[in-house]
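Some notes on the structure that comes next.
Below, each value reflects all heavy atoms present in this structure, side chains not excepted, and no hydrogens, waters or symmetry copies.
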Amino acid sequence: MRTAHVIGLIFPLLWGGNVSFSQQWQDAGIPLAAGQVRTLYADTLNNKLYVGGSIIINGSNDISLNAVWIYDGNNWSYIDTVNGLILSIIIFNHELYVGGMFSGVNSQNMPYLVKWSGNEWVHAGGNIDEYVMNMKVINNELYVMGKFNQIGNISNCKGIAKFDGTNWSTIFNFPGNEDINEITAVSDITFYNGEIYIGGNFERPTDTITDLAVYKNGAWQKVGATDYLRGGFNAVNSMEVYDNELYVGGMILKNQGNVGYLLQKWNGQNWSEVGLGLKDNNFSTNALLDVRKLLLHENKLIALGGFCYAGNLFNKSIALWDGIKWCGNSYNTNINHPLDIALFFNDTLYVNAFSIDNNTLNKLAKWDGTNYFDTCGSALNVSELKPPQQEINIYPNPNNGNFNVVFSSAYNKAVVIRVFNNFGQCVYNKQLNGVSSGELVNLNIEELSGGMYFVNIETENNMHTLKMAVQN
């Protein structure tokens, strides 16, 4: 019999639970070394947050033992050790299922998929032959996705199977009678308009099914008659149904003939781009970037990935969509790398992050909720616009369009200042050859009407986005 290990007493001692790494983001306080966080799961019934990935509790001779970490809102604990990477955690039939790239738990041979009954681990995958990437519970059945071809008592399942608590079965013989050319992994499944959609990295060349398939009229088909997904670099990572449309995110490139860049939406008949689309750091839609995760919160769609702009708003790595337009928001506090995991637990946003505002994090950050703004939500009070102490500030704020950008640090290379309005339109653009420490750059933009604006300052190594109110 195994037991969970409670280490809540050392959490505040090691990490200081209330120490903020910036004005808004905090280290979430995983007590020991985190190599990488790859999955989050919220158990709302028991009010627990589960964290998995490569989170080391001890290691020797280049062997790291990872654990399933649990946070109850006050203390951290963990359940035993896994000898590889954890990619998915979920509760099904009151038991905890863990999937990933591992071959065993506590030196027992249990590859890729296990379940925790409350006092012991049990191998749940049977003869599973490759890794598990994702799991979902839909209509009281557990859907398991990954690269495996065998699981339980079935074979030739091509990366996806479902479990009813007793038996395993394929999903309408996915991907059909004809084998697909190659499968890297199935990453997600969803139901839209009563039909099953499966996404991942796969191809069936004879009928141009690429990375996304729908089961319709008794067969697996591509999605879209003429505007289906195209390109050899494609991969679908995540799907969500929002406002009666199916949103699909992944490595989707416009220059390979797709409607959108990284993110598209499907209304059952046609594909369309989401607003003015996502863009990279150069306002381009050609770089090999991706949307890695989609989730819903407070009637908005949240996209995470490697992009820098949503529409014309600077939204690095995380962007909010309200069904009509992209929203400016406080989450973009100089996140220094792509995000791919996010979850709301007790109304607090958790993301896998190792650096924000150039501050090192222990691979999991949480938003402390202070001074939050959302340009698609309620209007801000002027008092909320006072900037925190940081490298670059605006003064005065509010202003009438005549304001100063104050640099507390020197930048020897080009600095680009862009001003965006509430609709994501760039209304001002200025490039400086460099600035000195303490320099004050005056901008007098007479054409600015009253309202909310976002001042995006791009330096050699970073992006800074400041909110500003104009009162005429």
Between Ser54 and the options Gln36, Lys363, Arg38, the side-chain contact (heavy atoms from CB on, under 4.5 Å) test singles out Gln36
Regarding Ser155 and Asn149, do their side chains bring together a donor and an acceptor under 3.5 Å, going by distance alone? no
So among Asp227, Thr208, Val214, Thr210, which one has a side-chain contact (heavy atoms from CB on, under 4.5 Å) with Lys222? Thr208
Find the distance between CG (Leu49) and CG (Leu343) and round it off to the nearest 0.5 Å. 6.5 Å
Look at Asp340 together with Arg292 and state whether they make a salt bridge at an N to O cut-off of under 4.0 Å. yes
Please check: side-chain N/O of Asp27 versus main-chain N/O of Gly29, any donor-acceptor pairing under 3.5 Å? yes
Pair Thr81-Asn106, side-chain donor/acceptor within less than 3.5 Å: yes
With respect to Glu245, which candidate in Lys265, Gln264, Glu240 satisfies the side-chain contact (heavy atoms from CB on, under 4.5 Å) definition? Lys265
Give a yes or no answer on whether the side chain of Tyr242 reaches the backbone of Asp322 with a donor-acceptor pair at less than 3.5 Å. yes
Hey, mind stepping through Ile86 and Thr39 against side-chain contact (heavy atoms from CB on, under 4.5 Å) and telling me if it holds? CA-CA 7 Å; Ile86 297 171; Thr39 185; 4.1 Å; yes
Between Tyr215 and Phe191, does the ring centroid distance fall short of 6.0 Å? no
Run the ring-centre check on Tyr309 versus Phe283 and record whether the distance is less than 6.0 Å. yes
Smallest separation among heavy atoms of Asp280 and Ala287, with atom names: OD2-CB, 3.3 Å
Start with the C-alpha gap between Asp211 and Tyr228, add the side-chain angles, then the distance that decides, and say whether side chain to side chain donor-acceptor pair (under 3.5 Å) holds. CA-CA 10 Å; Asp211 304 318; Tyr228 49 86; over 6 Å; no
Examine distances only and state if a side-chain atom of Tyr131 and a backbone atom of Pro111 form a donor-acceptor pair shorter than 3.5 Å. no
Tell me if the aromatic rings of Tyr50 and Trp69 count as close, with their centers under 6.0 Å from one another. no
Do Lys366 and Val351 come within less than 4.5 Å of each other through their side chains, counting heavy atoms only? no
Strictly distance-based, threshold 3.5 Å: is any side-chain N or O of Asn237 a donor or acceptor partner for the main-chain N or O of Lys293? no
